[in-house]
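Just so it is clear, the model here is predicted, and its values are computed rather than measured. In listed order, ligands and their atoms are each counted from 1.
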Amino acid sequence: MDGRTTPAPAEYIAAYEKLGFGMFVHWGLYSLLGQGEWTMYSHGIPKQEYEQRAAKFTAARFDGRALAQLAKRAGMRYIVLTTRHHDGFSLYDTRGLSAYDAPHSAAKRDLVAEFAEGCRCEGIVPFFYHTTLDWHNELFASDFDAYLEYLYRSVEVLCTQYGKIGGLWFDGNWSKPDADWKLDALYGMIRKRQPEAVIVNNTGLDARGRIGHPEIDVVTFEQGRPAPIDRRGHAKYIAAEMCQTMNGHWGFGRHDFCYQPVGALLETLCACRGAGANYLLNIGPAGDGSVPKLQEATLETIGEWCGIFGEAIYETKPCGVRGTGKDFALRGPDGALYFFIHDLHNAGDSHVTAGPAGEGPRAFTGVAGKSVHRLRWLDSGETLPFAHDAENGLFTLYASASAYGHQYVVRVAKAELE
Ligand code: GLC
């Protein structure tokens, strides 16, 4: 046995983990161009030319409440909005820090205020993404200390003007890996102003899962599959989150046709929860703030699955139960076990359903302790046969295929314990 103990999560971190599934929203001036959020940099658009977009940024179809309603329909419990991205344009009223913000654009509104308000009306927790690098503010290159002061004050506005928030989600420190970003001061201010907000700082594609500063509450796995974290011997319990695009862009990509299917996204949602991580799925609204139809429909379809299996998703945690292949199990707050069964297809007449239905026994290890007295599919309530060797932690269930008319991609069975 390893004597090192695993720290318990602080209450606000445990609450964050229970949010489970969130919406990432990349939206800003770049959305008007429809070629991703890096367009200013990637397409070498001169600053003076790029800035002109602010006069066209009407945000005519941006609706914070509708966004929160969409998240709710998708089964998501939080939204992370890009309040300022690398292009330096702020969706919030910077209150004099910069004229490059939404109130000075054609929108003439504080869009972050609308977002935060919309979330609150719908019971969705608002989070703020904020860039740390800046392609617009010249101080970033010429006087880094002065820039850091600007960044600090900007974040202070976000921490003081929009009520209680779920967290701050930073991104961009990877642009100057050796610089002194004065994080103690920035994070210290957040702790003081928003004591229950989680602090995230994206470690990017190159350093997934890396723990940086000791104040960090959540490690990120950008576009990856999170691995379960071994927290033994850690000073503090840190949560995990995987953020992912539905296609190949964060910001609106007008000519991006490479969308992931709903089934793949559902498997990823489950895999994240299986590793104990939150899943943050991105949408990129168009320049006017409207959500592309396919993105909306994808989220709504995922939401239908969450409506059936949500009980297994939010409050559950990994518990050392292992299945074969992609199968795994999570434990609920009352001790119940949720078995996630993959590759189970619908069974029907051979003239209409192709391939094997995947029906049959599924074996798990690590199911020790109390004995299981009932096992049933969460969707239909149908009870399933099982065998349990509690002493050795071995558990086998018989997975019945779904009848034609159903195909859940990942199907969850709930085991109640004596
Ligand atoms: C990357 C990109 C950025 C995007 C972020 C989301 O760091 O620079 O455009 O916002 O990933 O995780």
Note the single closest protein heavy atom to atom 11 (O) of ligand 1, along with its residue, its atom name and the distance in Å. Glu222 OE2, 2.9 Å

Nearest atoms (heavy-atom pairs only) where Phe395 meets Val367: CB-CG2, 3.6 Å

So which heavy atom in the protein is nearest atom 2 (C) of ligand 1, and how far is it from that ligand atom? Trp38 NE1, 3.5 Å

Do any N/O atoms on Trp169 end up under 3.5 angstrom from N/O atoms on ligand 1? no

Per-atom contacts of ligand 1 with Tyr129, taking only distances under 4.0 Å to non-hydrogen atoms: 10 (O)

Is the shortest distance from a heavy atom of Gln223 to ligand 1 less than 4.0 Å? no

Number the atoms of ligand 1 from 1 as they appear, then name those within less than 4.0 Å of a heavy atom of His85, with their elements. 3 (C), 4 (C), 9 (O), 10 (O)

Give a yes/no verdict on a cation-pi contact between Arg231 and Tyr237, requiring under 6.0 Å between NZ or CZ and the six-membered ring centre and an angle within 45° of the axis. yes

Applying a heavy-atom cut-off of 4.0 Å, say which part of Thr82 lies close to ligand 1: side chain, backbone, both or neither. neither

What residue and heavy atom of the protein are closest to atom 5 (C) of ligand 1, and at what distance? Asp171 OD2, 3.2 Å

Under 6.0 Å from the ring centre and within 45 degrees of the ring axis: does the NZ or CZ of Lys176 meet both conditions for the six-membered ring of Phe140? yes

Under 4.0 Å to a heavy atom of Trp174 - the qualifying atoms of ligand 1, by number: 7 (O), 8 (O)

Between the side chains of Gln35 and Tyr30, is a donor N or O closer than 3.5 angstrom to an acceptor N or O? no

Step through it carefully: locate the ring centre of Tyr129, locate the ring centre of His85, and say whether they are under 6.0 Å apart. yes

If you have a sec, work out which protein heavy atom is nearest atom 10 (O) of ligand 1 and how many Å separate them, to one decimal? His26 NE2, 2.5 Å

Just to confirm my output: which protein heavy-atom neighbour is closest to atom 9 (O) of ligand 1, and how far is it? Glu37 OE2, 2.6 Å

Between Phe340 and His342 (judged by ring centroids, cut-off 6.0 Å), do the two rings come close enough to count as a pair? no

Flag yes if more than 12 heavy atoms outside Arg322 fall under 6.0 Å of its CZ atom; otherwise flag no. no

Which of the numbered atoms in ligand 1 are under 4.0 angstrom from any heavy atom belonging to Cys243? 12 (O)

Measure from NZ or CZ of Arg77 to the centre of the six-membered ring of Tyr314, then state whether that distance is under 6.0 Å and the direction lies within 45° of the axis. yes

If you apply the rule side-chain contact (heavy atoms from CB on, under 4.5 Å), what do you find for Ile283 with His26, and how did you get there? CA-CA 7 Å; Ile283 60 165; His26 274 72; over 6 Å; no

Which atoms of ligand 1 have any heavy atom of Asn202 under 4.0 Å away? 7 (O), 11 (O), 12 (O)

